[in-house]
Amino acid sequence: MTVTVRFAPSPTGRIHVGNVRTALLNWLFARAAGGGFLLRLDDTDRERSTEEFAKGIERDLEWLGLSHDDFMRQSDRMARYDEVRDLLIAGGRLYPCYETADELERKRKRQLARGLPPVYDRAALKLTAEEKAAFEAEGRTPHWRFLLDQEATGWADMIRGDVTIDAASLSDPVLIRADGTYLYTLCSVVDDVDKKITHVIRGEDHVANTGVQIQIFRALGAAPPAFGHHPLLVNADGGPLSKRLGSLSIASMREEGVEPMALLSLLAKLGTSDAVEVRGDLATLIGEFDIGKIGRAPARFDMRELEALNAKLLSETPYAAVAERLERMGVLGGVAFWETVRENITRIDGVLDWWAVVNEPVTPQIAEEDREFLALAASLLPETPWDQETWGALTGALKAKTGRKGKALFLPLRKALTGREAGPEMHRLLPLIEQDRARARLHGRTA
Ligand code: GLU
């Protein structure tokens, strides 16, 4: 069996970390098994789906490196869905219903008032040909429901273990709206059959859908794929993620300079039995992936955890991997500059701040009581060219002359030379600063 999975977003908005987690779990599952990954756009909702969102999804996945082997969109497949519709009608599994939304709502309320579950009563099944004709003469067009087998429908979920849905407690699902458009519930099954999808990995909000869709697979004479439903992501405080989805969109993360591998490392491990650690490439994540490691508890997505991974990843990134990006930012300090500052940034654009410290005027921070000490430091600055020994030579000489040590020795120098209290190691940073600039800063001048 060749493993084939799909990621099936609706292009009705920008995709966010929750969607990407589903995409990534599918992608890792496929790649770990040497299988294929289909990108499918579930765009049956013609009003809310846009080409811009569709393109955005492709761009986001490409940026993340989640390549697909096959692509389809549901809006291209109407003729095929028509065919399946006719088969299901002929087989007695789709039946026309004429209730309006209001009528259905009133039925629901009556059932609830009588303490009954608000399940569709299948009244439409009993309509005679004359009654149907009368509705149509009134100008009503039918919507179509799938006739469920009223029995327990179960599967061995790859994440949740054995799951059973009692179809008798569900309403027969509407698969075709009164305007003739199809619902995702049907299209998804038809596509999964036609594309020979072997495994469906999706959020646990689809568990009840799966009970229905397994019956549709069977009605089409197809074996259902294996299913795995992962718990949804929640906020750091345990609340639903949906409240701040804008800032959690992949597009905004890209704009803000989140590194793809930081995000992917987090999303691959959140809610699994593995510790969250940053990985430098997808191949490592593939090697570590096992769907059995995904737990049943909701996984907490914390922006601070992502920030920390991003910083860690940058601190380990070799110059060659960022050289082009640095050049595009006008940061031309080569490997020496990068290796000096990479442990002191959380996002790549943090280099700009340190680039300015080295190359642009900085206002030194100097306390009154350190003025004399710093003037002495200026006079003791070693001859150029400077290297990584220069800082040691300077502080050694200052220590010998003044008796200062530790923080009292180092911190005033750092604050004068960089205008900041913390930052890269001074033995690396000092040789990047021009001697005249350094001397002026030690004298308290903006330089
Ligand atoms: N378009 C559906 C969604 O985004 C796909 C669900 C599925 O994977 O079947 O929820």
Side-chain angles (χ1 to χ4, degrees), residues 3-30 35-51 53-54 56-58 60-61 66 68 70-78 80-81 84 146 153 155 157-160 163 165 173-175 177 181-218 220 222-233 240-242 245 248-250 267 291 294:
V3 165
T4 309
V5 302
R6 82 295 196 284
F7 171 53
S10 297
T12 53
R14 300 161 110 189
I15 53 170
H16 54 76
V17 292
N19 307 119
V20 165
R21 176 157 172 261
T22 303
L24 176 63
L25 295 178
N26 277 285
W27 192 91
L28 291 172
F29 185 87
F37 179 82
L38 162 72
L39 173 60
R40 182 181 91 199
L41 296 180
D42 284 1
D43 57 352
T44 49
D45 184 341
R46 299 309 293 156
E47 262 159 40
R48 292 174 54 228
S49 300
T50 72
E51 194 49 36
F53 288 136
I57 290 169
E58 286 193 68
D60 290 346
L61 293 179
L66 302 181
H68 53 269
D70 196 0
F71 175 85
M72 73 193 295
R73 46 173 88 217
Q74 293 188 326
S75 56
D76 287 340
R77 307 229 325 131
M78 292 304 150
R80 174 66 180 135
Y81 304 142
V84 171
F146 178 74
T153 306
W155 67 95
D157 196 280
M158 291 184 281
I159 298 168
R160 300 165 72 85
V163 179
I165 298 289
V174 176
L175 298 188
R177 297 183 190 92
T181 58
Y182 293 100
L183 277 103
Y184 145 84
T185 318
L186 174 65
C187 303
S188 178
V189 173
V190 176
D191 299 341
D192 289 345
V193 172
D194 291 351
K195 288 292 182 179
K196 301 189 170 54
I197 298 300
T198 58
H199 298 78
V200 170
I201 302 166
R202 58 187 179 185
E204 65 186 5
D205 49 334
H206 284 288
V207 165
N209 258 343
T210 297
V212 168
Q213 288 182 325
I214 284 177
Q215 289 207 14
I216 301 177
F217 277 102
R218 293 194 180 131
L220 298 179
F227 287 92
H229 295 86
H230 60 74
L232 301 181
L233 292 183
L241 208 55
S242 53
L245 281 187
L248 296 178
S249 78
I250 302 311
L267 294 178
I291 195 162
I294 302 175

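Hydrogens, waters and symmetry mates play no part in the numbers below; they use all other heavy atoms, side chains included. Counting starts at 1 for both ligands and their atoms, following the listed order.
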With rounding to the nearest 0.5 Å, note down the distance linking CD1 in Ile201 to CZ in Phe29.
5.0 Å
So does Thr4 get a backbone contact from the side chain of Thr198, meaning a donor-acceptor N/O pair under 3.5 Å?
yes
Geometry only, no angles: is Ala8 polar-contacting ligand 1 at N/O separations under 3.5 Å?
yes
Show which atoms of ligand 1 fall inside a sub-4.0 Å distance from at least one heavy-atom site of Asp42.
1 (N), 2 (C), 5 (C)
Below 30° counts as parallel, above 60° as perpendicular, anything between as tilted: where do the rings of Phe71 and His68 land?
tilted
Quick note on ligand 1: atoms under 4.0 Å from a heavy atom of Ser10 include exactly 1 (N)
Arg202 N/O to ligand 1 N/O under 3.5 Å:
yes
heavy-atom search around atom 10 (O) of ligand 1 in the protein gives His206 NE2, 2.9 Å
Using the salt bridge (Lys or Arg N to Asp or Glu O under 4.0 Å) rule, take Asp45 and Arg177 through it: C-alpha gap first, then chi angles, then the decisive distance, then the call.
CA-CA 11 Å; Asp45 184 341; Arg177 297 183 190 92; 5.8 Å; no
Please work out which of Gln74, Arg6, Arg40 has its closest non-hydrogen atom nearest to atom 8 (O) of ligand 1.
Arg6
Regarding Asp191 and Tyr81, is there a side-chain donor-to-acceptor distance under 3.5 Å anywhere?
yes
Would you find a donor on one side and an acceptor on the other, under 3.5 Å apart, between the side chain of Asp43 and the backbone of Arg73?
no
At what distance is the nearest protein heavy atom to atom 6 (C) of ligand 1, and which residue and atom is it?
Tyr184 OH, 3.2 Å
